[in-house]
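Encoded as structure tokens, the structure appears first; notes follow it.
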Amino acid sequence: MANERTVAVLGPGGVGGLLAALLSRSGHRVVCLSGEQTAETLRTGGIQVRSARFGDFTARVEADTELREPVDACLVTVKDTALDAALARVPAPVLGDGLLVPFLNGVEHPAALRARYRPDRVAPAVIRVESTRVAPGVIDHGSPFAEIDLTGADVPRPRLDALAGAFAAAGPATRVLEDETAALWAKMSFLAPFALLTTRYGLPLGDVRTRHRDELTALVEETAAISHACGGPADPAQALARYDAFPAATKSSMQRDAEAGRPLELDAIGGALLRAAGRHGVPAPVAARVVRELSDGAGGTARR
């Protein structure tokens, strides 16, 4: 294809595996970066996707344990808890002029990545999707949607537009947003209350929004106030309406991590929320208590 791009995917899990498979299917060269065992599985069997939205298909991808050549873009789709170790697979001199596109929860990672890679090539992205890796190279896309917001305050707009076009042609609805802070806090404002309370109580969203409605409302209002202070959106009523519209059985990824005994992204979500509240003098007693209870219960590492 005339506009074929070479895209690396660091961490071909639920999100990364889905994007890798969709991009490959639409004609792009995709190189997945992972541990050797997963890389060998992907090299031999490709990535199998089960999706009501995009269909069931298998996509061929390349796979390696480290980036060894320049690419147009490298999608960072690991969890925050694995980020430092994973970035060793993407040497900055090799990435060079390529875009680094983190699909990470939280709001603090862009600054850390810009300290390590070219600041004008870091393009934070937000994805709205429910997608799970059920086995190496096997992805179950459960949501009827997949939507991407691509940002990057200092990234040349043509680079963002070209990547957004590749995403959109591959399947996910994609838009380029000018305000990086607003994009990241829009997701944080929805994600933080959802992740913290479903994990704290070990309940799906439907039970949280009924049995713990007052606590959910208070946490949503605190998060909106913190977002507003940081330059992001603040609409508690809209957030609650979105929670009410979700299927009752919906679980957060943090809750699923807790159920599987995996490390929690507690610091990237709850810790970052509290640090932002502290910087701007916004009271957040509910958030502080929930983060503390989760930290104590999980032996967590959220910094106060």
Of all the heavy-atom pairs spanning [X] and [Y], show the shortest one and how long it is.
X	Y	answer
Ser51	Asp56	N-OD1, 3.0 Å
Tyr117	Val90	OH-O, 2.7 Å
Ile148	Leu19	CD1-CD2, 4.0 Å
Ala73	Val101	CB-CG2, 4.4 Å
Ser189	Pro193	O-CD, 3.3 Å
Ala224	Asp235	CB-N, 4.3 Å

Co-membership, hydrophobic cluster, residues [X] and [Y], 4.5 Å side-chain:
X	Y	value
Phe194	Leu294	yes
Leu104	Met188	no
Leu184	Phe103	no
Leu160	Leu163	yes
Leu150	Leu99	yes

Given the rule in the salt bridge (Lys or Arg N to Asp or Glu O under 4.0 Å) test, do Glu259 and Arg256 qualify, once you have shown the distances and angles that lead to the verdict? CA-CA 5 Å; Glu259 292 172 346; Arg256 294 184 186 279; 5.3 Å; no
Residues in side-chain contact (heavy atoms from CB on, under 4.5 Å) with [X], at least two apart?
X	value
Asp154	Asp120
Arg29	Glu4, Thr6, Val31, Glu62, Glu69
Arg175	Arg128, Asp149, Leu177

Please examine the side chains of [Y] and [X], heavy atoms only from C-beta on, and report whether any two atoms are closer than 4.5 Å.
X	Y	value
Pro102	Leu113	yes
Leu196	Leu266	yes
Ser131	Ser143	no
Thr132	Ser253	no
Pro12	Leu42	yes
Leu23	Phe167	yes
Thr151	Val176	no
Leu75	Val7	yes

Between Arg157 and Glu178 (salt bridge meaning N to carboxylate O under 4.0 Å), is one present in this structure?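 Looking at Arg157 and Glu178, the cut-off is met.
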Starting from the C-alpha separation in whole Å, work towards a yes-or-no answer on salt bridge (Lys or Arg N to Asp or Glu O under 4.0 Å) for Glu215 and Arg289. CA-CA 11 Å; Glu215 190 172 6; Arg289 175 179 53 78; 2.7 Å; yes
Taking atom [atom1] of [X] and atom [atom2] of [Y], what is their separation to the nearest 0.5 Å?
X	Y	atom1	atom2	result
Leu22	His141	CG	NE2	8.5 Å
Arg213	Leu216	CZ	CG	6.0 Å
Thr250	Arg209	OG1	CZ	7.5 Å
Thr38	Leu33	OG1	CG	12.0 Å
Leu83	His109	CG	NE2	8.5 Å
Ser26	Arg5	OG	CZ	11.5 Å

Between Tyr201 and Arg211, is there a cation-pi geometry (under 6.0 Å to ring centre, at most 45° from the normal)?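 Because its charged atom misses either the 6.0 Å distance or the 45° angle limit, Arg211 does not stack over Tyr201.
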Does Arg53 count as lying over the ring of Phe145, i.e. NZ or CZ under 6.0 Å from the six-ring centre, within 45 degrees of the axis?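 Output no; distance or angle outside limits.
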With no hydrogens and no angle check, just 3.5 Å: does a side-chain donor-acceptor pair link Asn105 and Lys79?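 No.
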What's the verdict on salt bridge (Lys or Arg N to Asp or Glu O under 4.0 Å) for Asp64 and Arg68, showing C-alpha distance, side-chain angles and the deciding distance? CA-CA 9 Å; Asp64 206 336; Arg68 304 182 191 278; 2.7 Å; yes
May I ask you to decide if [Y]'s main-chain N or O and [X]'s side chain share a donor-acceptor pair within less than 3.5 Å?
X	Y	answer
Arg89	Leu67	no
Thr77	Leu10	yes
Arg133	Gly16	no
Arg50	Asp140	no
Gln48	Thr58	no

Atom [atom1] of residue position [X] - does it have more than 12 heavy atoms of other residues, nucleotides or ligands inside 6.0 Å?
X	atom1	result
His212	NE2	yes
Glu36	CD	yes
Asp214	CG	no

Working for side chain to side chain contact (heavy atoms under 4.5 Å, CB included), residues Leu203 and Thr198: CA-CA 5 Å; Leu203 295 172; Thr198 55; over 6 Å; no
Side chain to side chain contact (heavy atoms under 4.5 Å, CB included) assessment of Phe54 paired with Arg25: CA-CA 11 Å; Phe54 299 119; Arg25 183 173 71 166; 3.9 Å; yes
Is there a salt bridge (Lys or Arg N to Asp or Glu O under 4.0 Å) between Arg114 and Glu180? Walk through the geometry before answering. CA-CA 14 Å; Arg114 287 179 175 125; Glu180 176 182 312; 2.8 Å; yes
Val286 and Val290: CA distance, side-chain angles, deciding distance, side chain to side chain contact (heavy atoms under 4.5 Å, CB included) verdict: CA-CA 6 Å; Val286 176; Val290 174; 4.3 Å; yes
Please test Thr199 against Glu293 for side chain to side chain contact (heavy atoms under 4.5 Å, CB included), starting from the C-alpha separation and ending with a verdict. CA-CA 11 Å; Thr199 308; Glu293 291 169 349; over 6 Å; no
